[in-house]
Amino acid sequence: MGSKPRIATVSLAGCFGCHMSVLDIDERILTLAELVEFDRSPINDYKEFQDRCAVGIVEGGCCNEENVEVLEQFRKHCDVLISLGDCAINGGIPAMRNNIPLRECLEEAYLKSPGVYNPLNVIPNDKEIPLLLNRVYPCHEVVKIDLFIPGCPPPADAIWAHLVSLLSGKPVEPDYKNLKYD
Amino acid sequence: MNRVTFTIDGKEVKAIRGQTILKAADAAGVFIPRLCAYRDLTPNGSCRVCSVRVNGRIQAACVQTVAEGAIVENETPELLEYRRNIVDMLFVEGNHFCMFCEKSGFCELQALAYRFGIKAPRYPFLYPKRDLDMSHPHVFLDHNRCILCGRCVRASQDMDGKNVFQFVERGGRKRLQVNGDSLSETDLKATDEAVSVCPVGALMKKRVGYEVPVGRRRYDEKPIGDDIEMKGEK
Ligand code: SF4
Ligand code: SF4
């Protein structure tokens, strides 16, 4: 393994919009690729951790047990864990189900809603499908999170500023225009 | 003498006797954050975001009147911390999904959070079950975003000469109630002041959401309070 700091990223209950915003740093991604090594991430499609990581970036909250397992792995393998985007921070759109009982959500999705074709009238319940949690949890309600970058998605400049700060050891300058919740 | 002189964070401020600290500060170009206070509506001192220390005691600047020689503290680390906590609590006790809220970019709660540099609330989210009243043809009321500031209650009575809104219950169960089975059963009009004074996306006109593009909205570039502070710089 090289001596460059390693970065891991993952999308839990997110839409990949935050990852798109990471790519939105444009040509700076070349600089990033020179400065860091990507560990497990949808960018290289590694599914397991290769080595200890300096930074873990988590998009999305936890809506099922697999999300929780992955998040715990990220905590275990990463020195600094970042909640990237509103879903990681407050559950976001998936958390709109949080005040509706889980059974009602499943019935609506698989049995009752208009246009559903489900002749056996069953709610999927296969061992291969991760079990849904009673509600969607923001990441910091599951493990300790060190940094938060809000936004839906967060501005690429905010992501860049945080990465530069972590890699250089200098604090992030407050930046009004790049702190947004939408 | 109808004039009094006092200080806010060491800056000398001249005010009219009987004026509230908040009004005097506004006139002097000093921004004291607030949510429930609004222009000439009778202040009710309920949100406590405008808490300041007056001669060492915490007071709500929107209801406390000025006194000769008073020493007012506004931007101390302690008070900023209190205000941040209040804003944090307002976020977690409702359902604030800014990413699709029509008020985003114009919302005073969100703008205060931006100004305070809040990246994530430090309290657990409650995700309460709240109603959405879409019955009115031109206005909707989304209780998920209501912060119980009471602006609409007071504006409906004092400015519109109606009585469309009232609070019912107390404590954690306190909620806004309309004077009828639903909003459409009241005499509320879309042009009523009660609708336009809501600081958040709770009481909103229909079909005007997202009119202003991202980047050109009220608080996209400039923080809340900026207009008041500009006055002070002149
Ligand atoms: S009312 Fe304000 S804080 Fe709440 S969701 Fe809308 S923009 Fe966000
Ligand atoms: S609807 Fe708006 S104005 Fe009325 S109490 Fe709720 S937040 Fe305040």
Side-chain angles (χ1 to χ4, degrees), chain A residues 14-15 17-18 21 58 61-63 81-102 104 133-142 144-155 158-159 161-162 171-182, chain B residues 80 87-88 90-132 142-145 200-201 209-210 212-226 229:
Chain A
C15 70
C18 295
S21 208
V58 182
C62 291
C63 75
L81 202 53
I82 303 179
S83 263
L84 183 68
D86 291 344
C87 294
I89 292 172
N90 63 32
I93 305 284
M96 289 182 75
R97 76 162 162 99
N98 280 8
N99 46 42
I100 303 165
L102 183 56
E104 263 178 57
L133 304 178
N134 62 332
R135 64 172 178 86
V136 178
Y137 291 81
C139 292
H140 64 275
E141 292 186 16
V142 179
K144 181 179 184 298
I145 297 291
D146 306 296
L147 282 174
F148 300 89
I149 312 179
C152 185
I159 300 171
H162 278 83
V172 195
E173 297 287 326
D175 179 359
Y176 181 83
K177 280 181 213 158
N178 279 320
L179 173 62
K180 292 283 171 285
Y181 301 162
D182 59 6
Chain B
L80 294 178
V87 169
D88 269 0
L90 289 172
F91 268 94
V92 299
E93 76 152 22
N95 293 306
H96 293 275
F97 296 107
C98 297
M99 66 286 281
F100 64 85
C101 180
E102 300 89 326
K103 194 77 169 192
S104 195
F106 292 94
C107 169
E108 292 176 42
L109 176 67
Q110 184 192 61
L112 280 181
Y114 289 167
R115 187 179 164 115
F116 298 165
I118 296 176
K119 294 181 168 173
R122 29 173 107 137
Y123 301 107
F125 287 92
L126 300 183
Y127 302 112
K129 184 152 183 57
R130 303 238 191 111
D131 294 331
L132 171 62
D142 188 347
H143 291 274
N144 290 288
R145 303 169 184 158
V200 291
Y210 321 115
V212 183
V214 173
R216 296 227 295 271
R217 300 169 305 179
R218 176 82 174 77
Y219 301 118
D220 278 339
E221 305 264 324
K222 300 211 175 97
I224 189 167
D226 175 76
E229 286 167 336

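Excluded from the calculations below are hydrogen atoms, water molecules and symmetry mates; all remaining heavy atoms, backbone and side chain alike, are included. Below, read A as the first sequence line, B as the second, and so on, with proteins coming before strands; counting in each chain starts at 1.
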With a 4.5 Å cut-off on side-chain heavy atoms, are B:E108 and B:V200 touching?
no
Contacting region of B:I118 [heavy-atom separation from chain A under 4.5 Å]:
both
Taking 4.5 Å as the heavy-atom cut-off, does anything in residues 81-90 of chain A contact chain B, and if so which residues?
A:D86, A:I89, A:N90
Using side-chain heavy atoms (C-beta onward) and a distance below 4.5 Å, is B:V212 in contact with B:F106?
yes
Does the side chain of B:E93 reach to within under 4.5 Å of the side chain of B:F125, using non-hydrogen atoms?
no
Taking every non-hydrogen pair under 4.5 Å, which of B:G215, B:S104, B:G105, B:C101 racks up the most with chain A?
B:S104
Is the closest side-chain heavy-atom distance between B:Q110 and B:Y219 below 4.5 Å?
no
Given B:P223, B:A113, B:A120, B:P124, the one with more heavy-atom pairs under 4.5 angstrom with chain A than any other is B:P223
With respect to chain B, which residue among A:I93, A:I145, A:I100, A:D182 yields the maximal number of heavy-atom pairs within a distance under 4.5 Å?
A:D182
Does this structure show an ion pair linking B:D220 with B:R218, if we count only N-O contacts that are shorter than 4.0 Å?
no
Proximal component of B:R122, with respect to chain A [non-hydrogen, under 4.5 Å]:
neither
If I take atom CZ from residue B:R115 and atom CG from residue A:L179, how far apart are they, to the nearest 0.5 angstrom?
13.5 Å
Salt bridge check: are B:K222 and B:E229 linked by an N-O gap of less than 4.0 Å?
no
Residues in residues 147-155 of chain A near chain B [non-hydrogen atoms, under 4.5 Å]
A:F148, A:P150, A:C152
May I ask you to test the A:V136-A:R97 pair for a side-chain heavy-atom distance under 4.5 Å?
yes
Please tell me whether B:Y210 and B:F100 form a close aromatic pair, meaning their ring centres lie under 6.0 Å apart.
no
Compute both the distance and the angle, then confirm whether A:R135 meets the cation-pi test with A:Y137: under 6.0 Å from the six-membered ring centre, within 45 degrees of the axis.
yes
Look up atom OH in A:Y176 and atom OH in B:Y114, then write down how far apart they are to the nearest 0.5 Å.
7.5 Å
Please round to the nearest 0.5 Å and tell me the distance separating atom CG of B:L90 and atom NE2 of B:H96.
7.0 Å
